Amino acid sequence: MRWSKTLIPTLKEDPADAEVISHKLLVRAGFIRQVSRGIYDYFPLALKVIRKIEAIVREEMDRAGAQELLMPISSPAELWQESGRWEVYGKELVRFKDRHERDFCLGPTHEEIITDLVRRVVRSYRELPFNLYQIQTKFRDEVRPRFGLMRGREFIMKDAYSFHADLDDCRREYENMFQTYKRIFSRLGLKFRPVEADTGAIGGSLSHEFQVLAESGEDAIVSCNKCNYAANVQKAEVKAPRPPARDIAEASPKLEKVATPGKKSVAEVAEFLRLPAAKFIKTLVYKTDGDELVAALVRGDHEINELKLQTALGCREVALADEAAVTTATRLVPGYLGPIGLKLRMVADFSVQGMRGAVTGANEANAHFIQVDQEHDFTPSAFADLRLAVAGDPCPRCEPGVLEAYRGIEVGQIFYLGTKYSEALGATYLDAEGRERPIEMGCYGIGISRLVAAAIEQNNDANGIIWPIAIAPFQVLLLPINYKDKAIQKVSDELYQALQKRGVEIILDDRDERPGVKFKDADLVGIPLRVTVGAKGLEKGFIELRWRRDGKSEEVPIDKAADTLATLVREATGA
RNA sequence: CGGGGCGUAGCGCAGCCUGGUAGCGCACACGCUUGGGGUGCGUGUGGUCAGCGGUUCAAAUCCGCUCGCCCCGACCA
């Protein structure tokens with residue numbers, strides 16, 4: 001490819017609307033432009049990267065025994081009504097009517113469509129199992145799209161769905177996909193980590209996310225420094241601590257009420273009373289999907305994990321109650337709430353169990369209790385794991401291990417789905433005994449376009465992108481210092497053709513630009529290997545070869561250049 | 001949806017407070033110059049000042065409404 005014939009609109013300055021590095025660089029280096037919020041044009045270079053990622057994903061999915069198909073991007077409301085998600089999904093699901101006033105939506109994911117497909121085709125256990133996947137544009141009307149390709153509304157995704165006669169076989173495929181995903185992300189050249197994940201709105205009971213490690217990641221993850229336990233903090237378990245031992249003979253200091261005028265938050269009261277946050281018990285009032293108000297108690301220095309609270313309460317949804325609801329129920333504004341004398345169902349985090357000398361709200365304005373003794377002063381209806389895991393927590397799986405915290409970009413997730421969709425849509429098969437049974441399902445996603453951003457978040461420097469060679473738009477950039485110079489042009493053109501003949505993916509910067517401009521663009525666009533052809537080198541019969549990643553360079557005789565480069569590329573791509 | 005910010009040439013920005021001929025840098029075109037890290041000089045092209053409405057002799061500037069975009073929060077396979 002010739003640079004002069006390729007649309008690569010590079011920019012000298014960062015775009016004003018970009019925040020994260022991958023977004024800035026993708027726009028600056030001429031890969032993408034925004035069309036509307038969360039919706040982008042993919043320019044030729046970006047499409048090349050996407051195609052390369054897709055190719056690796058296809059190869060590995062096919063190798064794992066999955067089959068590619070393609071489903072429609074729009075689907076009729078009826079399928080979504082059958083699964084119940086037409087109501088549940090909310091505004092994220094973009095809906096529209098056709099000319100006959102029939103309801104449709106754009107697919108944010110395809111469980112319904114594929115389950116419908118399968119129920120119309122599969123009759124017998126003999127036809128199972130199989131795994132179907134597609135690579136396709138999805139649309140989700142995200143509340144807040146952001147960070148360029150990291151969280152778009154329209155994005156490219158590989159989604160796979162597997163179908164099985166029984167749970168064991170589904171588990172086998174889950175493991176198969178787990179290993180496949182590890183191969184895929186390794187081949188892409190990314191540092192990643194599989195972590196245990198919450199199953200979210202999609203349902204199911206077993207799930208892993210594949211997280212590309214990056215500071216700018218939206219997800220917080222923790223992992224053990226001793227064993228291989230790793231989890232999204234949404235999911236990460238916190239080991240129940242042993243309640244502190246106590247001397248029965250020892251008399252409890254007496255509960256005491258103190259004035260805390262105007263001090264509401266833990267931080268404010270802690271400063272006012274000169275006590276550490278860990279001595280506090282936070283009382284948070286939540287509203288359940290059953291419209292019940294419930295109090296959740298966690299230690300002052302901990303954050304509540306609403307998913308765990310849901311599990312502990314056995315409900316599908318919880319939301320912090322608004323002030324009005326709290327006031328109506330307790331005659332108080334939040335800030336002075338406490339468990340003592342509170343007339344609500346209370347659940348407490350394990351860490352609250354047996355706390356002594358604690359501080360809580362006094363359930364009256366401008367006052368708190370100190371010297372609270374949990375065992376003596378109040379009894380929650382249950383103790384449970386309610387808080388977010390943090391760095392430093394003991395590992396829930398091994399003894400000496402301690403959790404460390406990272407940030408990650410979720411680029412893949414695998415789920416065991418069970419029979420949620422097959423039962424809702426009636427996707428069944430006849431087993432060997434002739435009994436009708438719902439099909440067991442798994443589902444496996446990879447965010448293709450998000451991977452483009454994730455790769456850059458992990459591979460960049462002050463000058464621009466540094467593509468892993470496996471997904472670089474080109475493997476080699478040929479940079480003639482002055483393409484108008486006949487001698488330079490001749491050597492460049494011959495090398496260009498020789499490399500193409502050897503199967504090297506190459507772009508020739510044949511523009512009539514100053515060398516500085518070309519070097520800057522070369523760094524910005526991030527092609528792994530740069531070959532410079534200039535008058536100085538030609539005099540000695542050499543070209544210069546330079547790696548984008550570490551800046552290491554060497555001089556290569558012109559007549560050996562094509563073979564040397566082809567070999568280097570082959571080695572670097574592991575081919 | 002709540003809070004904050006922004007919208008002026010292709011890009012990045014000033015001008016707005018205090019109303020009076022729309023500016024700067026980059027990019028672009030042309031000429032000369034230069035040719036191993038965004039050359040230098042000169043000449044030039046390009047603007048419904050987001051849109052609609054209002055105030056005024058006069059609006060990029062003041063007021064109202066609408067739209068778009070960004071950030072934080074709530075939310076999220």
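Letters A, B, ... mirror the listed sequences (proteins, then strands); counts begin at 1. These numbers come from a predicted model, not from an experiment.
If you take atom P in B/rC71 and the same atom in B/rU33, they sit 48 Å apart, rounded to whole Å. Taking atom P in both B/rG12 and B/rC70, the straight-line distance is 13 Å, to the nearest Å. Atom C1' of B/rG42 sits at a distance of 40 Å from the matching atom of B/rG68, rounded to the whole Å. Spacing between B/rG20 and B/rC11 at atom C1', rounded to whole Å, works out to 31 Å. Annotation: B/rG10 and B/rG46 have their C1' atoms spaced 10 Å apart (nearest Å). Between B/rG5 and B/rG47, the distance separating the two C1' atoms is 24 Å to the nearest Å. Here the separation of B/rA29 from B/rC16, taken at their C1' atoms, is 33 Å to the nearest Å. With both ends at atom P, the span from B/rU8 to B/rU48 equals 12 Å, rounded to whole Å.
Counting non-hydrogen atoms under 4.0 angstrom, A/E306 reaches the backbone sugars and phosphates but no base. Residue-level contact check: A/E92 touches the backbone only, with heavy atoms under 4.0 Å from sugar-phosphate atoms and none from bases. Using a 4.0 Å heavy-atom cutoff across all strands shown, A/D159 reaches no nucleic acid atom at all. Among the atoms of the strands shown, none is found under 4.0 Å from any heavy atom of A/N463.
One can place CG of A/L11 at 10 Å from C1' of B/rC26, the figure rounded to the nearest angstrom. Following rounding to the nearest Å, A/M150 (CE) and B/rC71 (P) show an atom-to-atom distance of 11 Å. Atom CZ of A/R33 and atom P of B/rC69 are 17 Å apart (whole Å). Put simply, NE2 on A/H23 is 12 Å from P on B/rC69, counting in whole angstrom units.
At B/rC69, one or more side-chain N or O atoms of A/S36 fall inside 4.0 Å of OP1 or OP2 (strictly under the cut-off). Contact between the side-chain N/O atoms of A/Q34 and the OP1/OP2 oxygens of B/rC70 is found at a separation under 4.0 Å. A close approach under 4.0 Å does occur between a side-chain nitrogen or oxygen of A/R144 and OP1 or OP2 of B/rC72. At B/rC70, one or more side-chain N or O atoms of A/R37 fall inside 4.0 Å of OP1 or OP2 (strictly under the cut-off).
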Just the table, please: protein N/O against nucleotides 27-34 of chain B N/O, every pair under 3.5 Å.
unit_1	atom_1	unit_2	atom_2	d
B/rA27	OP1	A/K12	NZ	3.2
B/rU34	O2'	A/R514	NH1	3.3
B/rU34	O2	A/R514	NH1	2.3

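Between A/F96 and A/F104, the two ring planes are parallel [angle under 30°; tilted spans 30° to 60°]. Between A/H23 and A/Y40, the ring-plane angle classifies as perpendicular under the 30° and 60° cut-offs.
At least one donor-acceptor pair under 3.5 Å links the side chain of A/S207 to the backbone N or O of A/I414.
For B/rG2, the paired base is B/rC72 (Watson-Crick or G-U wobble, both distances below 3.5 Å). The base-pairing partner of B/rA27, taking Watson-Crick or G-U wobble contacts with both distances under 3.5 Å, does not exist among the strands shown. In this structure, B/rU21 forms no base pair with any nucleotide, since neither Watson-Crick nor G-U wobble geometry is met with both distances under 3.5 Å.
When each of A/L495, A/V533, A/V491 is tested with A/I558 by the rule side-chain contact (heavy atoms from CB on, under 4.5 Å), just one qualifies, namely A/V491. In summary, of the residues considered (A/F415, A/F210, A/Y416), a ring pair (Phe, Tyr, Trp, His ring centres under 6.0 Å) with A/F178 occurs for A/F210 alone.
Interface remark: the A/D14 side chain does not form any donor-acceptor pair with the B/rG12 base, using a distance-only criterion of under 3.5 Å. In the interface, the side chain of A/R511 is not paired with the base of B/rG38 through any donor and acceptor atom under 3.5 Å apart.
Residues A/I465 and A/F31 have side chains in contact (heavy-atom distance under 4.5 Å, counting atoms from C-beta outward).
Toward the 5' end of RNA chain B, the nearer of the two residues A/R153 and A/R546, judged by each one's closest nucleotide, is A/R546.
Which of B/rG35, B/rG38, B/rC76 sits closest to the side chain of A/K520 comes down to B/rG38. Nearest to the side-chain atoms of A/F147 among the listed nucleotides B/rC71, B/rG37, B/rC69 stands B/rC71. Nearest nucleotide to the side chain of A/V143, out of B/rC1, B/rG37, B/rC71: B/rC1. Side-chain proximity of A/I481 to B/rG38, B/rC69, B/rG35: nearest is B/rG35.
Under the 4.0 Å criterion applied to side-chain N and carboxylate O atoms, A/K490 and A/E494 are assigned as salt-bridge partners. A salt bridge links A/R119 with A/E82: the distance from a Lys NZ or Arg NE/NH1/NH2 to an Asp or Glu carboxylate oxygen falls below 4.0 Å. Residues A/D523 and A/K520 are not paired through a salt bridge, judged by the lack of any N-O separation under 4.0 Å between the basic side chain and the carboxylate.
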